[in-house]
Amino acid sequence: MAGHSQFKNIMHRKGAQDAKRGKIFTKLIRELTVAAKNGLPDPNSNPRLRAAIIAARQANMSKDTVDRAIKRGAGGADDANYDEVRYEGYGPGGVALIIEALTDNRNRTASDIRTALTKFGGTLGETNSVSFMFDRVGLVRYAARPRPRTTCSRARSRPAPTMSRATTRRTR
């Protein structure tokens, strides 16, 4: 019977798993590189690098790959230059937003963020247009899982993000 080869089923399944793992590894390598570039390449004296190494170990990344990413960030090989950028704007209903991103192309990232904001009724603001209303207080992490469906016809079911940086509005 055509189309029911066990080898092909295994091949497609492993291909999908490898694609997911590659996407996760790319994000982790980028974080390792930036952490090593912004601080010391020693995880004992660089807490951001230490956290990135722990995340890489949890994702079963090999030690050689982690070491290569750290060397690239410390100045060993500089083929991709990642920058941390911060955009400010207003979301739907005038909600103030601060968006922090890690990118190798600032123009593409700005365009993507501007498109996403305008698509849902927001606007991209100038530097310090909303940051004066916020104080950095910590980091909030929660597991990714889909939201429960609601009976409201306008509600959308989207997965929750895995990590976001927390800021709070000043109460003066």
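- Within the model, atoms CG of Leu49 and OG1 of Thr33 stand 10.0 Å from one another, a figure rounded to the nearest 0.5 Å.
- When all heavy atoms are compared, the tightest approach of Ala69 to Leu32 is CB-CB, 3.9 Å.
- Put simply, CZ on Arg30 and CZ on Phe25 are 14.5 Å apart, with the number rounded to the nearest 0.5 Å.
- Looking at heavy atoms from C-beta onward, Gln17 lies in side-chain contact with Lys14 at the 4.5 angstrom threshold.
- Taking both residues in full, the closest heavy atoms of Pro43 and Arg50 are given as O-NE, 3.0 Å, listed atom of the first, atom of the second, then distance.
- In the hydrophobic clustering of ILVMFWY residues, with side-chain heavy atoms under 4.5 Å counting as a link, Tyr90 and Val95 come out apart.
- The minimum heavy-atom distance between Asn46 and Ala35, with the atom names listed, is ND2-O, 2.9 Å.
- To the nearest 0.5 Å, atoms CD (Gln58) and CD1 (Ile24) are separated by 11.5 Å.
- In this structure, CG on Asp42 lies 7.0 Å from CG on Leu40, to the nearest 0.5 angstrom.
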In residues 59-67, what donor-acceptor pairs under 3.5 Å come from side-chain atoms, sequence neighbours left out?
{"residue": "Ser62", "atom": "OG", "partner": "Thr65", "partner atom": "N", "Å": "3.3"}
{"residue": "Ser62", "atom": "OG", "partner": "Thr65", "partner atom": "OG1", "Å": "2.7"}
{"residue": "Thr65", "atom": "OG1", "partner": "Arg68", "partner atom": "NH2", "Å": "3.4"}

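- Looking only at side-chain heavy atoms (C-beta outward), Arg48 and Val34 come within less than 4.5 Å of each other.
- To the nearest 0.5 angstrom, Asp83 atom CG is 8.0 Å from Leu102 atom CG.
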Taking distance alone, no hydrogens or angles, what donor-acceptor pairs closer than 3.5 Å link side-chain atoms of residues 110-130 to residues at least two apart or in another chain?
{"residue": "Thr115", "atom": "OG1", "partner": "Ser111", "partner atom": "O", "Å": "2.8"}
{"residue": "Thr118", "atom": "OG1", "partner": "Arg114", "partner atom": "O", "Å": "2.9"}
{"residue": "Thr118", "atom": "OG1", "partner": "Thr115", "partner atom": "O", "Å": "3.1"}
{"residue": "Asn128", "atom": "OD1", "partner": "Ser131", "partner atom": "OG", "Å": "2.9"}
{"residue": "Ser129", "atom": "OG", "partner": "Glu126", "partner atom": "O", "Å": "2.8"}

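- The side-chain heavy atoms of Ile10 and Arg13, taken from C-beta on, include a pair separated by under 4.5 Å.
- Here the closest non-hydrogen pair linking Ala74 and Ala36 is N-CB, 4.1 Å.
- The shortest heavy-atom contact between Arg106 and Val85 is NH1-CG1, 3.3 Å.
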